[in-house]
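Down below is the structure, laid out as structure tokens.
Below, all heavy atoms of this structure are taken into account, side chains as well, without hydrogens, waters or symmetry copies.
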Amino acid sequence: MQETQAQSPASNSQTSALERARAYCDAYHPGLEDNLNAWFGDMLPDFGESLIEWAYGRHYSRPGLDSKSRQLATVAALTVLGGQTAPQLKINIEHTLAVGASEQEIVEVIWQMAVYGGLPAAINGLNVAKEVFAARATD
């Protein structure tokens, strides 16, 4: 489904950032807040709520850019940052697929980053993408 701003599940400016974030995540990343709280909650209670409110309620659900473009930009940035971001890149490749990007679009964005982040960063990104795509193929 090609998303437009009018179709964004969390674009209503009358709602709070947390409400927008939860609507966005319910549409594209169900269970994300619970997963974050399960993993980090013992150290940082309400970590999941804080992260989704800030990232998804204040950034990903903003008007002006569709979710697919935002996610592709995120994949590009994490690729350029290099191998230490592999766990976040994996999750964001999954999120990019969830908002409608194709595997080929993701591969092309990662490959484009070879120009700006170098071949090692692009190769690391492609390796992460291969892992994500292979896991999806077996599901």
Minimal heavy-atom distance between Tyr60 and Ser67, with the atoms involved, is O-OG, 4.4 Å

Heavy-atom nearest pair, Ala21 first then Gly57, reads CB-N, 3.3 Å

Ala86 meets the side-chain contact (heavy atoms from CB on, under 4.5 Å) criterion, sequence neighbours left out, with Val128

Residue set satisfying side-chain contact (heavy atoms from CB on, under 4.5 Å) with Leu126, at least two apart, ordered chain then number -> Val107, Ile110, Trp111

Are Val80 and Leu78 connected into the same hydrophobic cluster when the rule is that any two of I, L, V, M, F, W, Y join if their side-chain heavy atoms are below 4.5 Å apart? no

Leu72-Met113 co-clustered via ILVMFWY side chain contacts under 4.5 Å:
no

Taken in chain and number order and not counting sequence neighbours, the residues that satisfy ring pair (Phe, Tyr, Trp, His ring centres under 6.0 Å) with Trp39 are none

Residues which pass side-chain hydrogen bond (donor to acceptor under 3.5 Å, both in side chains) with [X], listed by chain and number, not counting sequence neighbours:
| X | result |
| --- | --- |
| Ser50 | none |
| Gln71 | Asn92, Thr96 |
| Glu131 | none |

Would you call the rings of His29 and His95 parallel, tilted or perpendicular, taking 30° and 60° as the class edges? parallel

Item to check | Ion pair Glu53/Arg20, N-O distance below 4.0 Å | outcome: no

inquiry  = For Phe133, I'd like to know if atom CZ has over 12 heavy atoms of other residues, nucleotides or ligands within 6.0 Å.
reply    = yes

